[in-house]
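Below: one structure, written as structure tokens.
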Amino acid sequence: MRDGEMTEIDLSRALLGWYDRHARVLPWRIGPAESAAGQRPDPYRVWLSEVMLQQTTVAAVKAYFERFTMLWPTVDDLAAAPDESVMGEWAGLGYYARARNLLKCARMVSNELGGAFPQTREGLIALPGIGPYTAAAIAAIAFDEPETVLDGNVERVMARLFDIHTPLPTAKPELMTRAETLTPRRRPGDHAQAVMDLGATICTPKSPACGICPLRDPCAARRAGTAAELPKKTAKKPKPTRHGTIYLGQRGDGAWLMERRPDKGLLGGMLGWPGSDWGEAAVDAPPVAADWTVLPGEVRHTFTHFHLVLSVHIAPLPLDCAPERGFFVDKHAFRRSDLPTVMRKAFDLARDAIKDRA
DNA sequence: GACTCGTGGAA
DNA sequence: TTTCCAAGAGT
């Protein structure tokens with residue numbers, strides 16, 4: 001079949017037919033049969049999943065989604081939760097501004113909107129943490145509004161389907177236009193999820209499974225043999241390496257000296273160990289005078305835009321210790337799982353060193 | 001438009 | 001080991 005013989009309606013129909021048979025079963029979804037029959041998923045669960053899924057894999061999100069909905073089944077429950085609880089439960093998932101905005105958004109919906117999410121893209125995008133993609137996704141999936149989502153999956157599928165070689169992000173408007181032409185008036189929510197499922201399971205970044213793709217016939221890139229090299233992307237800058245020092249001090253009663261990081265910036269709002277700034281070289285900056293010991297080895301961690309090497313120092317602290325910065329977290333209140341990953345790595349290094357010494 | 005902002009799995 | 005990258009948003 002040639003390109004011109006398949007209309008947008010044909011493409012959309014082929015995709016929905018595939019979705020009806022192969023839709024992934026996910027905790028925040030209803031099935032395609034229920035959706036086609038007019039049922040809708042819980043907007044709270046759709047919103048929560050979409051925020052968690054921003055730049056994050058389905059595999060990583062599942063456990064967090066289950067835990068959040070167990071602790072806070074409704075948006076009102078989440079709105080009433082203490083900041084530290086939500087940040088602690090988000091720890092390890094990354095991009096912590098999402099958690100801060102999640103709480104802001106939940107409290108706006110609960111306190112100002114009567115606990116009901118806006119049903120339109122315009123209403124949703126006005127809320128914190130909800131951008132162009134997420135607003136369209138919630139409107140389409142939760143309310144079956146005829147909105148078009150454009151995420152990494154959709155970009156890849158469109159670039160291949162229409163053999164577009166313009167590099168991202170320049171190509172975004174063009175890809176959006178293409179995606180819009182495929183969005184059907186019936187079942188736009190299922191259509192959105194169908195394109196994303198296709199991108200996640202068939203039209204994958206590396207070695208796409210074109211042989212079993214429902215759109216293999218109309219796909220221009222497959223015909224041209226360029227599918228695997230699309231979409232084109234502009235080259236990224238190399239990551240510099242930064243160095244720093246952090247301090248794990250433990251009082252005789254087992255309490256740890258910790259600090260809450262400021263809301264703005266890296267790991268904003270998260271619990272962590274006090275330390276130096278991170279720069280060209282590691283500098284000494286203990287939070288309190290004590291007998292600090294440098295641990296052998298180091299913590300290595302890579303963030304989005306730099307590598308980090310941390311020197312870890314430990315010290316026993318007196319019961320009457322009065323540090324300039326931070327506060328003590330009681331031995332029984334301390335939870336490793338409340339920490340972002342880089343802070344967990346430092347804790348593990350210190351824990352092992354203390355264990356080996358004993 | 002350019003930067004910032006996490007993490008873990010796959011190749 | 002390094003690179004890529006996953007349902008992006010905020011500044």
Side-chain angles (χ1 to χ4, degrees), chain A residues 23-24 26-29 45-65 87 90-102 104-105 124-142 147-157 167-170 172-173 176 179 189 191-201 203-207 228-229 231-242 261-270 272 278 300-308 339-345:
Chain A
R24 285 179 291 175
L26 300 170
W28 45 86
R29 269 190 184 171
R45 294 167 68 87
V46 173
W47 163 72
L48 179 61
S49 69
E50 288 299 340
V51 173
M52 286 182 167
L53 286 162
Q54 290 166 4
Q55 294 291 287
T56 308
T57 58
V58 167
V61 163
K62 277 183 179 171
Y64 283 84
F65 180 84
M87 299 311 290
W90 196 277
L93 197 55
Y95 284 141
Y96 299 102
R98 291 184 296 172
R100 301 194 303 273
N101 285 328
L102 189 81
K104 275 189 204 166
C105 183
L124 288 160
I125 205 170
L127 294 169
I130 300 182
Y133 163 77
T134 305
I138 298 171
I141 297 169
E147 298 289 351
T148 300
V149 300
L150 187 68
D151 73 332
N153 289 305
V154 182
E155 288 172 355
R156 187 170 56 256
V157 171
L168 287 167
T170 308
K172 275 198 172 191
M176 182 53 144
H191 171 81
Q193 295 177 96
V195 184
M196 293 191 283
D197 273 20
L198 188 72
T201 63
C203 196
T204 50
K206 295 166 189 173
S207 51
E229 61 191 69
K232 301 282 190 185
K233 296 190 176 180
T234 54
K236 308 184 164 105
K237 295 198 302 187
K239 296 177 196 221
T241 298
R242 297 185 193 171
R261 298 176 64 87
D263 275 350
K264 291 193 186 299
L266 196 68
L267 308 179
M270 300 303 292
W278 301 339
R300 291 181 171 274
H301 191 72
T302 299
F303 293 103
T304 310
H305 52 294
F306 66 93
H307 303 290
L308 178 64
L339 302 175
T341 300
V342 65
M343 299 297 173
R344 292 181 189 178
K345 288 183 181 178

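Lettering follows sequence order; numbering is per chain, from 1.
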#### Entry: Nucleotide nearest A:Gln54 when distance is taken to its side chain, options B:dT7, C:dA9, C:dA7
C:dA9
### Query
Looking only at N and O atoms, is any donor in the side chain of A:Thr57 or the base of B:dG8 less than 3.5 Å from an acceptor on the other one?
no
### Query
Stepwise, does the side-chain hydrogen bond (donor to acceptor under 3.5 Å, both in side chains) test hold for A:Arg98 with A:Thr56?
CA-CA 11 Å; A:Arg98 291 184 296 172; A:Thr56 308; 3.1 Å; yes
### Query
Do A:Tyr133 and A:Glu50 have side-chain N/O donor and acceptor atoms under 3.5 Å apart?
yes
### Query
Under 4.0 angstrom, heavy atoms only, what part of the nucleic acid is A:Ser49 near: base, sugar-phosphate, or nothing?
nothing
### Message
Can you check the distance between C:dG8 and B:dG1, where both ends of the measurement are the C1' atom (answer in whole Å)?
### Response
16 Å
## Note on the structure
Considering only heavy side-chain atoms of A:Lys233, the closest of B:dG6, C:dC5, B:dT7 is C:dC5
### Message
Go nucleotide by nucleotide along DNA chain B from the 5' end; which of A:Ala97 and A:Lys206 gets its closest nucleotide reached first?
### Response
A:Ala97
### Query
Taking atom C1' in both C:dA7 and B:dA11, what distance in whole Å separates the two?
23 Å
### Message
Just the rounded figure in Å: distance from P of C:dG8 to CG of A:Leu53.
### Response
8 Å
### Message
Whole angstroms only, please: what is the CE-P distance between A:Met52 and B:dG8?
### Response
15 Å
### N/O (side chain, A:Thr341) to phosphate O (OP1/OP2, B:dG8) under 4.0 Å
yes
### Task
Please determine, for the side chain of A:His305, which listed nucleotide (C:dC5, C:dG8, B:dT4) has the closest atom?
B:dT4
### Query
So what does A:Leu26 touch, heavy atoms closer than 4.0 Å: a base, only the sugar-phosphate, or nothing?
base
### Message
I'd like to know if A:Thr304 reaches the base of B:dG6 with its side chain, counting only an N/O donor and acceptor under 3.5 Å.
### Response
yes
## Note on the structure
The nucleotide from C:dG10, B:dT4, C:dA6 with an atom nearest the side chain of A:Asn101 is C:dG10
### Message
What is the distance, to the nearest angstrom, from the NZ atom on A:Lys236 to the C1' atom on C:dC4?
### Response
6 Å
### Message
Just N and O in the side chain of A:Tyr96: are any of them under 4.0 Å from OP1 or OP2 of B:dT7?
### Response
yes
### Query
Which nucleotide, C:dA6, C:dA7, B:dT7, lies nearest any side-chain atom of A:His301?
B:dT7
#### Entry: A:Leu93 CG to C:dA9 P, straight-line distance once rounded to whole Å
15 Å
### Task
Under 4.0 Å between any heavy atoms, over every strand shown, what does A:Gly268 touch: base, sugar-phosphate, or nothing? Just pick one.
nothing
### Task
May I ask you to verify if any side-chain N or O of A:Arg98 is less than 4.0 angstrom from the OP1 or OP2 atom of C:dG10?
no
### Query
Where do A:Arg29 and A:Arg45 land on the side chain to side chain contact (heavy atoms under 4.5 Å, CB included) test, with the steps shown first?
CA-CA 8 Å; A:Arg29 269 190 184 171; A:Arg45 294 167 68 87; over 6 Å; no
### Message
Pick the closest DNA chain C nucleotide for A:Lys264 and for A:Asp151 by heavy atoms, then say which residue is nearer the 5' end.
### Response
A:Asp151
### Query
Whole-Å distance between B:dG8 P and A:Arg344 CZ?
7 Å
### Query
Within the structure shown, what part of the strands sits under 4.0 Å from A:Trp90 by heavy-atom distance: base, sugar-phosphate, or nothing?
nothing
### Message
Suppose you measure atom C1' in C:dC5 against the same atom in B:dG6; what distance do you get, rounded to whole Å?
### Response
13 Å
### Query
When rounded to the nearest 0.5 angstrom, what distance separates SG in A:Cys203 from CG in A:Asp197?
12.5 Å
### Task
Check whether NZ of the Lys or CZ of the Arg A:Arg261 lies under 6.0 Å from the centre of the six-membered ring of A:Trp278 and within 45 degrees of that ring's axis.
yes
### Message
Counting distance alone, no hydrogens or angles: does the base of C:dA7 have a donor or acceptor under 3.5 Å from a partner atom on the side chain of A:Arg24?
### Response
yes
### Query
Which nucleotide, B:dT7, B:dC3, C:dC5, lies nearest any side-chain atom of A:Pro205?
C:dC5
### Query
Given atom CZ of A:Arg300 and atom P of B:dT7, what is their separation to the nearest angstrom?
17 Å
### Task
Answer yes or no: side-chain N or O of A:Tyr133 and base N or O of C:dG8 forming a donor-acceptor pair under 3.5 Å.
no
### Summary
Of the candidates B:dC5, C:dA7, B:dC3, the side chain of A:Lys237 sits closest to B:dC3
### Query
If you look at every strand shown and take non-hydrogen atoms under 4.0 Å, does A:Pro132 touch a base, only sugar-phosphate, or nothing?
sugar-phosphate
### Message
Considering every strand and a 4.0 Å limit on heavy-atom distances, what is the contact class for A:Gly199: base, sugar-phosphate, or nothing?
### Response
nothing
### Query
Is a side-chain N or O of A:Arg242 found less than 3.5 angstrom from the main chain of A:Phe306, in a donor-acceptor match?
no
### Summary
A:Lys239 atom NZ is separated from B:dG6 atom P, nearest whole Å, by 12 Å
#### Entry: Separation of atom OH in A:Tyr95 from atom P in C:dT11, rounded to whole Å
16 Å
### Message
Are A:His305 and A:Phe303, when compared by the centres of their aromatic rings, separated by less than 6.0 Å?
### Response
no
### Nearest to side-chain heavy atoms of A:Leu266, which nucleotide of C:dA7, B:dC5, B:dG8
B:dC5
### Task
Remember a base hit wins even if backbone is also touched, and classify A:Arg100 as base, sugar-phosphate or nothing at under 4.0 Å, heavy atoms.
nothing
### Task
Report yes if the distance between the aromatic ring centroids of A:Tyr64 and A:Trp90 is under 6.0 Å, otherwise no.
no
